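Have a look at the structure below before the remarks.
Keep in mind the model is a prediction, meaning the values are calculated, not measured. Per chain, numbering begins at 1; letters A, B, ... match sequence-line order.
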Protein chains: 2
Amino acid sequence: MKKDSASITIHDIASELGLHASTVSRALNDNPAVSKKTRALIQAKAKAMNYRPNRMAAALRKGRSDLLGVIVPAIDRHFFASVIRGIEEEADKAGLHVMFCQSYDDSDRERKLIEGLQRLRVDGILLSVAKDGGNEPDFYQSIIDSGTPVHFFDNAPRGFDAAAVVIDDRRGAYLATKHLVNQGVSAIAHLRGPQHLDIYRDRFKGYQDALLEAGMAVREEFIVDITSHFDNGRKAFAALWSRDAKPTGIFSASDYSAAGVMQAAQEQGLKIPRDLAVIGFANEPFTDLMTPTLSSVDQQTLSMGRKSTRRMIAHLKGDDSDNQRIILEPSVIERGSSRLKQ
Amino acid sequence: MKKDSASITIHDIASELGLHASTVSRALNDNPAVSKKTRALIQAKAKAMNYRPNRMAAALRKGRSDLLGVIVPAIDRHFFASVIRGIEEEADKAGLHVMFCQSYDDSDRERKLIEGLQRLRVDGILLSVAKDGGNEPDFYQSIIDSGTPVHFFDNAPRGFDAAAVVIDDRRGAYLATKHLVNQGVSAIAHLRGPQHLDIYRDRFKGYQDALLEAGMAVREEFIVDITSHFDNGRKAFAALWSRDAKPTGIFSASDYSAAGVMQAAQEQGLKIPRDLAVIGFANEPFTDLMTPTLSSVDQQTLSMGRKSTRRMIAHLKGDDSDNQRIILEPSVIERGSSRLKQ
DNA sequence: TTGTAGGCGTTATCAG
DNA sequence: CTGATAACGCCTACAA
């Protein structure tokens, strides 16, 4: 029976060749100190023996795991899946491995995940903070102080200097609302996300900015509070249509809720966008599958992942001075649900 | 400056308490050999010092990483995200950590990921095979022979005995098609996935089974080949409607393509389900967001993840005899796109 | 250019 | 019940 390749070590290779393990180690790490001839010999042998270096052992010795930890609320949201793709790209390039975890927006779980990643001795953590908002800035600061670099993306705590890459939610909301204004929509409602979260407060502000700029009033009865779920969109439509004044356009802080609104409106016989123009936020892929297709706001997810990772890598290489908050510019994706003019 | 908690070891704790590292190790592992008093003392001290055990070191010593590797084509597909959720649940319970990777259905990348996981010394790999089908059964056999247990789920290679949890695609397709038959649909087309893949061959067979059972002919002009993408649904609709005979129902091997068909049909003024009844496969969440909602086939994803993981854990505990292929039963989710009768 | 020795942080074995 | 010691697989001064 052949020896398990998982248990072949540099010593095995060394003894097969009558060399010493240290030489094998050097050869496999392309150390120029070892002669071309032996290097080739060793590398060939390693391949022949199906050798798999033990990264745990190397990490222990080097004090560096070449592992990155990433925590997101949920990987099946396109937003995060796409950021993750960006992270993967850059990590691959740099020869790092990435450990993805889901907090399910639960800050208790987030704390446990962080501790788990620390035990694994990841070199750094990329984090989109759980949206229940249970962890204070102090907590994150203590993690950083304990020696594990943490960089934030998407949802980043305010109140202390930490590297972060976020998008300008206020501007995204402003652009979305302004887009409806430009299409000639005059009564614009807003499905508003939980106001204890910065990102949703910012989206609400952006909505107000656009209305004010257009000389329109911000009307109480046009604001409905939601969480980012589909059913909330249906409920929001019911709420709006139970009131006297009916909007002719809706800017939703969430694509899911926007989809719910569209479905409920269509069931009531409304034509979209003619009777009701709709635009969401996040540019989830399903927006393209709907009838009509749903307009939305793109959040530069790939570049968010890439930028975060590149900064973390720079940080790990010694440049730990860059504590800035990078703000990316969102863009409106016009689709059928809001296209009234050519 | 406080010492980084990442660099606090059992030796530090030991010397603070005037004990030996081995005692600390035992205490932290709840070894009954150590007295209750010292155990409590040590655990309190460890907490106070914010100690984080180094899993790399423990893994090296124990020859076991308590890490599971998981490879899926893409984490943002609901199918896989949901399987992953099931995997996470069971792994958490067992105190295992999980490393998720995406192959993007590229078998070269899959091979590299497997090698990466082996270097990380994961205890086992849960794998849904890349759909480009580039890796032979022999390859997987060699991984298993090399000492890394591999269990398959979803897309599992045939041709050798390996633990696998899959669903009965043929039956799922049969049920979906039969559902259309039961709704009184008489001309049923099929959007057919790549036939070099077992799962899509099976779905095609199930479609045929149902037609034959209903005494309907399998008509060439009602079969359109697709890959699981949205645009293919639109193209498929165009293809079908360019022919003389028009179907009144469609069973699509993919939800994405089904969504494309629906959109294209609605743009042509067709009413769904009245003029065209549609059912997809996979029960992606967006199926609930469409107008009308899209019927589909549920694949027991959570239980697929849970079962796979439980078996892997049993395997790791020494029961490596269970090489069977477990086949889960799919179920039809009836929604608006195919509901013609009450 | 290659070999030797020591240690990274744990845990398991053996003594005491 | 606790202490000492060795070893897991690798890397890196230092020596030869």
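- Atoms CD1 (B/Ile10) and P (C/dA12) sit 11 Å apart, rounded to a whole Å.
- Summarising the geometry, the separation between CZ on A/Arg55 and C1' on D/dC11 is reported as 15 Å, rounded to the nearest angstrom.
- Judged by closest nucleotide on DNA chain D, B/Ser35 is the one of B/Ser35 and B/Ala57 placed further toward the 5' end.
- Residue B/Tyr51 places at least one side-chain N or O under 4.0 Å from the OP1 or OP2 atom of C/dT10.
- Donor-acceptor pairing under 3.5 Å, judged by distance alone, is absent between the side chain of B/Arg61 and the base of C/dT10.
- With rounding to whole Å, B/Leu60 atom CG is found 12 Å from C/dG9 atom P.
- Projected onto DNA chain C by closest heavy-atom contact, A/Lys62 and B/Ser22 fall at different nucleotides, the more 5' of which corresponds to A/Lys62.
- Between B/Phe160 and B/Tyr140, the ring center distance fails the sub-6.0 Å criterion.
- Among the protein residues, B/Ala58 comes within range of the sugar-phosphate backbone only, with heavy atoms under 4.0 Å from sugar or phosphate atoms but none that close to a base.
- Rounded to an integer number of Å, the gap from A/Arg26 CZ to D/dC11 P is 11 Å.
- Side-chain proximity of B/Ala33 to the nucleotides C/dA12, D/dT2, C/dT1 is greatest for D/dT2.
- Taking 4.0 angstrom as the limit, A/Asn54 places none of its side-chain polar atoms (N or O) nearer than this to OP1 or OP2 of D/dC8.
- Residue contacts shown for B/Leu19 are limited to sugar-phosphate atoms, with no base heavy atom under 4.0 Å away.
- Atom C1' of nucleotide D/dC8 and atom CZ of B/Arg121 are separated by 11 Å, given to the nearest angstrom.
- Distance, A/His11 NE2 to D/dC8 C1': 11 Å, rounded to whole Å.
- Donor-acceptor pairing under 3.5 Å is recorded for the side chains of A/His97 and A/Arg55.
- When the side-chain nitrogen and oxygen atoms of B/Ser25 are compared with OP1 and OP2 of C/dT10, none of them lie within a distance under 4.0 Å.
- Between B/His20 atom NE2 and C/dG16 atom P the separation is 15 Å, expressed in whole Å.
- One interatomic measurement links the two molecules: CD1 of B/Ile42 to P of D/dG3, which rounds to 8 Å at whole-angstrom precision.
- Side-chain polar atoms of A/Asn135 and A/Arg111 form a donor-acceptor pair below 3.5 angstrom.
- Defined by atom type and a distance below 3.5 Å, a donor-acceptor pair is present between the side-chain atoms of B/Thr38 and B/Ser35.
- Heavy atoms only, all atoms of each residue included: A/Ser65 and A/Asp123 are closest at N-OD1, 3.0 Å.
- When distances run from any side-chain atom of B/Thr9 to the nucleotides C/dG6, D/dT2, C/dG9, the shortest one goes to C/dG9.
- Distance from the side chain of B/Val34 is smallest to D/dT2 among C/dC8, D/dT2, C/dG3.
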